[in-house]
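Down below is the structure, laid out as structure tokens.
Please read all numbers here as calculations on a predicted model, not as lab measurements. The figures here come from the full heavy-atom set of this structure, side chains too, leaving out hydrogens, waters and symmetry mates.
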Amino acid sequence: MEKQTKIKNEKLLKALSFARSNKNTLIRYGLLILVVIVFSAATGGRLFSSYSISSIISQLTPLMIMCVGMMFVFSHGNLDIAEGAVIAICALMSIEIINALGGSAGGIILAFVLNVAVCEVLYVGSIFLSIKTRILSTIASLAIMFTARGLVTFFVSRTLGSYRLENSSAMSLFQETWFMILIMVLVALAGWFIFTYTRIGKYSRAIGDNPLSAAQSGANVNVTKYICYAIAGFCVALSTMFYLSRTGSVTQNFGSGREMDVMISLILGGMLLSGGSKSRMSAAIVGSITYILLTNGLSQLGIPDMYVSLVKGVVFLVMIGFTLRRQASVKALPR
């Protein structure tokens with residue numbers, strides 16, 4: 001009897017040890033499975049109807065692209081809160097270019113190239129400002145957010161309420177399901193490979209744990225940050241094209257809340273806000289899927305938008321409680 005009890009206790013301890021060491025992975029996939037089961041049953045299967053799947057893909061594509069890019073930033077323990085405003089200013093610029101060139105393919109390509117250029121200047125510029133002035137990267141991000149949002153407000157206020165694409169079919173390619181899936185898969189695979197198997201990902205996780213130790217281990221911390229913010233900027237530029245194709249116009253509130261969508265998605269994927277060695281690209285991929293399914297499931301149940309936001313806020317706080325860890329204090333890196 002004592003031997004059986006001892007064996008049971010050992011198994012229980014092993015199970016608890018496994019759960020503690022794989023907490024983030026269990027949260028990541030367990031929550032996704034829970035959302036799928038609960039909302040499949042609650043909506044009578046409507047969540048996965050052909051129409052719903054099409055809507056989910058159109059919402060998921062730009063969000064996942066941004067989450068993949070932001071993983072490189074969040075893994076450092078940094079936060080970016082400028083995505084929404086940057087998307088808005090890039091979308092506004094894209095409308096001007098596409099309309100000026102009559103909705104041609106060349107206009108769309110030019111708009112995307114300039115979006116990338118603007119995003120690279122803003123994102124690489126923000127981390128440059130943070131490194132050189134030794135201010136928190138979040139403060140630099142905040143400055144960009146206010147500047148970009150102010151510019152959008154200024155230009156949109158001069159119109160009758162919004163900037164619109166004159167040719168609504170100009171960006172029809174970005175609304176094609178096959179194209180969205182293709183780009184989403186390519187970005188996810190590229191992000192996963194870079195983050196998992198290259199020095200950029202290895203150094204990023206090391207910086208999140210302890211930037212001083214990372215530097216002493218041979219990582220060029222500042223160069224790694226520049227590259228990671230450049231990757232994030234490219235992903236924001238690409239996601240802008242998909243967001244614009246869905247709306248066809250830009251208002252003063254265009255892009256508002258996208259930064260929280262990214263943050264909640266990463267948290268739902270088991271991402272630690274402090275970054276570090278526990279960071280996994282699967283947090284961006286699985287987390288964004290979970291978030292979109294959760295949002296659509298709540299909407300299909302007829303829950304008002306304000307309550308949907310409340311539920312997402314509660315889920316966010318609960319997930320923070322599960323994944324929060326104390327970040328070890330580190331000395332500032334020499335500049």
Side-chain angles (χ1 to χ4, degrees), residues 22-43 45-75 83 174-196 232 235-236 238-239 242-243 246 257-273 278-301 303 308-309 311-316 318-320 322-323:
N22 296 276
K23 180 177 65 174
N24 290 356
T25 302
L26 293 175
I27 290 173
R28 183 177 305 136
Y29 295 103
L31 191 58
L32 175 59
I33 293 171
L34 179 64
V35 167
V36 170
I37 293 174
V38 169
F39 286 105
S40 293
T43 61
R46 295 194 311 275
L47 181 62
F48 296 105
S49 65
S50 57
Y51 174 79
S52 183
I53 288 294
S54 178
S55 176
I56 287 171
I57 291 173
S58 68
Q59 297 173 56
L60 177 61
T61 301
L63 178 61
M64 184 181 290
I65 291 171
M66 276 204 298
C67 285
V68 168
M70 288 303 152
M71 269 299 300
F72 291 89
V73 173
F74 277 63
S75 63
E83 301 105 299
F174 291 90
Q175 300 173 17
E176 295 288 342
T177 300
W178 69 267
F179 185 72
M180 289 188 285
I181 293 175
L182 174 64
I183 297 300
M184 185 166 48
V185 170
L186 289 176
V187 170
L189 287 175
W192 170 75
F193 179 81
I194 294 171
F195 195 76
T196 306
C235 289
V236 171
L238 180 57
S239 66
F242 289 98
Y243 279 124
R246 287 175 54 193
R258 300 305 177 192
E259 54 280 341
M260 286 305 299
D261 291 345
V262 170
M263 192 177 299
I264 294 174
S265 296
L266 293 177
I267 294 298
L268 289 177
M271 178 68 187
L272 298 170
L273 288 181
K278 295 291 184 180
S279 301
R280 299 289 184 273
M281 185 54 70
S282 54
I285 299 169
V286 176
S288 56
I289 295 172
T290 303
Y291 178 78
I292 293 299
L293 291 179
L294 175 64
T295 302
N296 279 266
L298 292 171
S299 297
Q300 289 198 17
L301 291 177
I303 298 175
V308 171
S309 298
V311 170
K312 289 192 290 188
V314 171
V315 170
F316 176 72
V318 171
M319 294 304 298
I320 286 289
F322 274 112
T323 60

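Here the CD-OH distance, from Q59 to Y291, works out to 9.5 Å after rounding to the nearest 0.5 Å. Interatomic distance, CG of N296 versus CD1 of I56, reported as 4.5 Å (0.5 Å rounding). L272 contributes atom CG, which lies 7.5 Å from atom CD1 of I267 (distance to the nearest 0.5 angstrom). Taken to the nearest 0.5 Å, the CD1 atom of I65 stands 9.5 Å off from the CG atom of L186. Going from atom CD1 of I57 over to atom CE of M184 covers 6.0 Å, rounded to the nearest 0.5 Å. Note that CE of M281 and CZ of F195 are 5.5 Å apart. Values are rounded to the nearest 0.5 Å.
Within the 3.5 Å criterion, the main-chain N or O of S49 finds no donor-acceptor partner in the side chain of S52. Between the side chain of S288 and the backbone N or O of M64 there is no donor-acceptor pair closer than 3.5 Å. When atom types are taken as modelled, the side chain of R46 and the backbone of Q300 share a donor-acceptor pair closer than 3.5 angstrom. T61 contributes no side-chain N or O that, together with a main-chain N or O of S58, makes up a donor-acceptor pair within less than 3.5 Å. Side-chain N or O atoms of E259 include one that pairs as donor or acceptor with a backbone N or O of G257 at under 3.5 Å.
With contacts defined as side-chain heavy-atom distances shorter than 4.5 Å, the pair Y243/R258 qualifies. Q175 places none of its side-chain heavy atoms less than 4.5 Å from the side chain of R246.
Residues M71 and A284 come closest through the heavy atom pair CG-CB, 3.4 Å. Here the closest heavy-atom approach between residue G191 and residue F72 is recorded as O-CZ, 3.8 Å. Taking each heavy atom of F242 and M180 in turn, the nearest pair found is CE2-CG, 3.7 Å. What you find for L293 and L47 is that their closest heavy atoms are O-CD1, 4.2 Å. Annotation for V73 and A232: closest pair CG2-CB, 3.8 Å, computed over non-hydrogen atoms. Contact record, S279 with M271: OG-CE, 3.3 Å, taken as the closest heavy-atom pair.
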Check: What's the verdict on side-chain contact (heavy atoms from CB on, under 4.5 Å) for S239 and M66, showing C-alpha distance, side-chain angles and the deciding distance?
Finding: CA-CA 6 Å; S239 66; M66 276 204 298; 3.2 Å; yes
Show your reasoning for whether side-chain contact (heavy atoms from CB on, under 4.5 Å) applies to T290 and S265. CA-CA 7 Å; T290 303; S265 296; over 6 Å; no
*Would L301 and F39 satisfy side-chain contact (heavy atoms from CB on, under 4.5 Å), going step by step from the backbone distance to the final call?*
CA-CA 9 Å; L301 291 177; F39 286 105; 3.7 Å; yes
request  = For I285 and C67, run side-chain contact (heavy atoms from CB on, under 4.5 Å): C-alpha distance rounded to whole Å, both residues' side-chain angles, the deciding distance at 0.1 Å, then the answer.
outcome  = CA-CA 7 Å; I285 299 169; C67 285; over 6 Å; no
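Environment of CZ in F48: crowded, with over 12 heavy atoms of neighbouring residues, nucleotides or ligands closer than 6.0 Å.
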